[in-house]
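First comes the structure, then the notes that go with it.
Computed from heavy atoms alone, side chains included, the values below leave out hydrogens, waters and symmetry copies. Because the structure is a prediction, the values reported are computed rather than measured.
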Amino acid sequence: MRLNRTLAAACVIAVTVGLAACSSSGSSTTVGPTSTPPRNLVVETSFVLKTVDPARMFEPTGLMIDHVLYDTLLTYKGSNVSTPVPDLATSYTASADAKTYTFTLRQGVKFANGDPVTAADVVFSLMRTKNINGNPSFLMAGITATAPSPGTVVLTSSTPNTAIPAILTNPALGIVDQSKVVAAGGSDATNAATADKAEAALNTTSEGSGPYTLTSFSTTTQVVLTANPNYWGPTPKYHEIVIRNVEASVQKLDVLKGESQIAVDLSPTQAQGMSGVQIVNGASPNLFFLLTNDNPKVSKVTSNPQFQQAVRYGINYASLVQLAGTGAVQAAGIIPSMFLGSLPAGSGASYDLAKAKAALAASGVGHPTLALVYPSDVQVNGISFGTLAARVQQDLQQVGINVQLQGQSIQVALASYRGGQEAMGLWYWGPDFPDPADYLNFLPGALVGLRAGWVKGADPSLETLGQTAASTTQNATRQTLYQQIQRSMNTSGPFMPLIQPAQILVGATSVKNLQSNALWLVDLGELG
């Protein structure tokens with residue numbers, strides 16, 4: 001995630017789950033007897049929540065809630081986020097230039113209030129999210145939605161955009177009932193940023209077609225959902241779902257006592273040794289990475305290619321994984337392990353102290369002293385940046401690189417990070433959408449690349465690969481291209497992918513089909 005959304009709002013500071021959490025390769029362990037699911041379900045999480053108006057929502061708790069309030073054109077099932085599957089759209093086609101996507105809508109779907117879902121509702125919803133210009137508006141950047149027929153929606157992008165199918169799974173692009181939202185003051189006009197007044201109404205009554213409807217809403221205490229009797233899909237298993245705002249330590253006690261059925265935010269350490277519950281444990285899609293600024297005006301040391309190699313080989317990745325706890329993995333590349341285009345496990349950089357020392361000697365920079373900047377008031381998946389930074393400091397000391405830890409508040413650290421002024425930085429990226437195209441931001445001249453001083457023209461062959469990947473729609477070819485990009489970046493460049501931390505879900509044994517998802521944490525609609 002781009003750090004000017006959830007993190008910049010300082011919402012994630014106390015949230016151990018991070019921005020979007022979990023794994024397609026997570027394992028589940030069940031200990032204790034099973035029983036018949038109750039009609040009511042209590043889920044506890046540390047709220048990162050501002051609104052459930054989908055056009056304005058882009059926080060973790062909101063994603064989990066809106067996913068079951070509002071259907072999207074495409075979605076994901078269970079923990080598999082590699083390929084979108086039908087939701088309101090039964091099928092789609094893409095043009096060869098990846099600029100035009102045509103969707104065929106499911107027939108006979110009704111909103112919870114009984115109104116039919118139409119192509120006009122889809123267009124209104126997508127353009128409203130775009131034109132409100134809120135946190136999720138970037139998802140529709142350069143994209144226009146039209147409805148050439150009652151059962152067809154066309155999305156046209158100004159540039160090739162192979163990520164559109166994955167983007168459309170985001171609950172911020174959930175489909176609302178146009179007539180009801182307009183009656184509440186909603187607008188999809190170009191001036192919707194000021195004209196739309198429907199947020200308060202949508203925080204009281206949901207206007208979607210998902211398996212649940214909104215009964216009550218609070219950003220500080222709890223949100224209550226009720227099963228939608230008009231839902232077109234499988235009948236929801238729970239009559240009512242209560243999502244409570246509870247800190248992680250209390251979540252653990254409550255799920256053990258049976259006062260809740262799901263705890264979302266436990267760290268590996270907190271979950272260790274728990275019994276009588278089921279534990280879903282796997283790697284989060286959040287990526288911790290180190291940057292060494294490639295701009296010699298910022299640092300002649302960190303921009304030295306041999307110095308970058310010394311850092312790359314000088315990190316003891318296995319120790320970082322151990323630090324992060326059960327379920328964490330070394331990042332094989334910049335693309336998380338559960339996404340299309342990810343590298344196989346074991347493909348990442350290898351710790352080699354002798355190689356690191358040789359590279360440092362070849363760099364000619366001696367034994368430099370450098371500041372490592374990181375946000376000191378943020379945790380992601382239970383990991384403190386300060387703890388991780390101290391381990392990096394210890395590793396690089398063995399190489400002959402003196403690292404001075406410079407923890408700063410998130411707002412202060414973000415300023416130098418965004419401005420590309422940090423010689424060395426420890427940061428993380430959470431997916432904006434579960435597609436490898438989101439990681440083209442790390443290439444020279446792109447958003448994160450520039451933050452590391454990696455300007456356009458720094459690596460022409462890599463940039464050409466990125467341009468080809470951005471306009472290729474065939475998944476098999478995309479897989480190959482994105483793996484080529486990462487292999488190149490694993491051998492040279494200013495970024496060192498470190499780890500994907502663990503994501504933990506703990507549930508009562510009565511809860512069936514408990515799985516974690518990289519976009520909405522846990523699919524409340526799939527639970528049995």
Is the shortest heavy-atom distance from the side chain of [X] to the side chain of [Y] under 4.5 Å?
X	Y	value
Leu139	Leu173	yes
Ile167	Asn161	yes
Glu44	Val264	no
Asn475	Leu340	yes

- Answer yes or no: does atom CD of Glu259 have more than 12 heavy-atom neighbours from other residues, nucleotides or ligands under 6.0 Å?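 Above 12, so yes.
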
- Message: Could you work out, with side-chain hydrogen bond (donor to acceptor under 3.5 Å, both in side chains) as the rule, every residue matching Asn113, not counting sequence neighbours?
- Response: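 Applying side-chain hydrogen bond (donor to acceptor under 3.5 Å, both in side chains) to Asn113 gives Asp177, Glu207.
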
- Those residues that, when tested against Lys252, pass salt bridge (Lys or Arg N to Asp or Glu O under 4.0 Å) (two or more places apart):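 Testing Lys252 for salt bridge (Lys or Arg N to Asp or Glu O under 4.0 Å), a comparison that skips the adjacent residues, returns none.
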
- In terms of the angle between their ring planes, are Tyr101 and Tyr92 parallel, tilted or perpendicular, with boundaries placed at 30° and 60°?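 Plane angle between 30° and 60°, so tilted.
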
- Task: Indicate yes or no: does Arg128 engage Asp121 in a salt bridge with an N to O separation below 4.0 Å.
- Result: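 Not counted as a salt bridge, because no side-chain N and carboxylate O are separated by less than 4.0 Å.
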
- Are Asp435 and Arg478 close enough for a salt bridge, meaning some N to O gap below 4.0 Å?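 Yes, Asp435 and Arg478 are salt-bridged.
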
- Stepwise salt bridge (charged side-chain N to carboxylate O under 4.0 Å, His left out) test for Asp87 and Arg106: CA-CA 8 Å; Asp87 199 10; Arg106 189 180 302 275; 5.6 Å; no

- Quick one: do His67 and Asp523 satisfy side-chain hydrogen bond (donor to acceptor under 3.5 Å, both in side chains)? Show the steps, please. CA-CA 8 Å; His67 174 61; Asp523 191 332; 2.9 Å; yes

- Strictly under 6.0 Å, is that where the ring centroids of Trp429 and Phe289 end up?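 No: the rings miss the under 6.0 Å criterion.
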
- Message: Using the rule given for side-chain hydrogen bond (donor to acceptor under 3.5 Å, both in side chains), can you reason through Asn286 versus Asn381, listing the C-alpha separation, both sets of side-chain angles and the distance that settles it, and then say yes or no?
- Response: CA-CA 8 Å; Asn286 295 321; Asn381 296 107; 2.8 Å; yes

- Starting from the C-alpha separation in whole Å, work towards a yes-or-no answer on salt bridge (charged side-chain N to carboxylate O under 4.0 Å, His left out) for Asp115 and Lys180. CA-CA 9 Å; Asp115 289 349; Lys180 295 296 190 293; 2.8 Å; yes

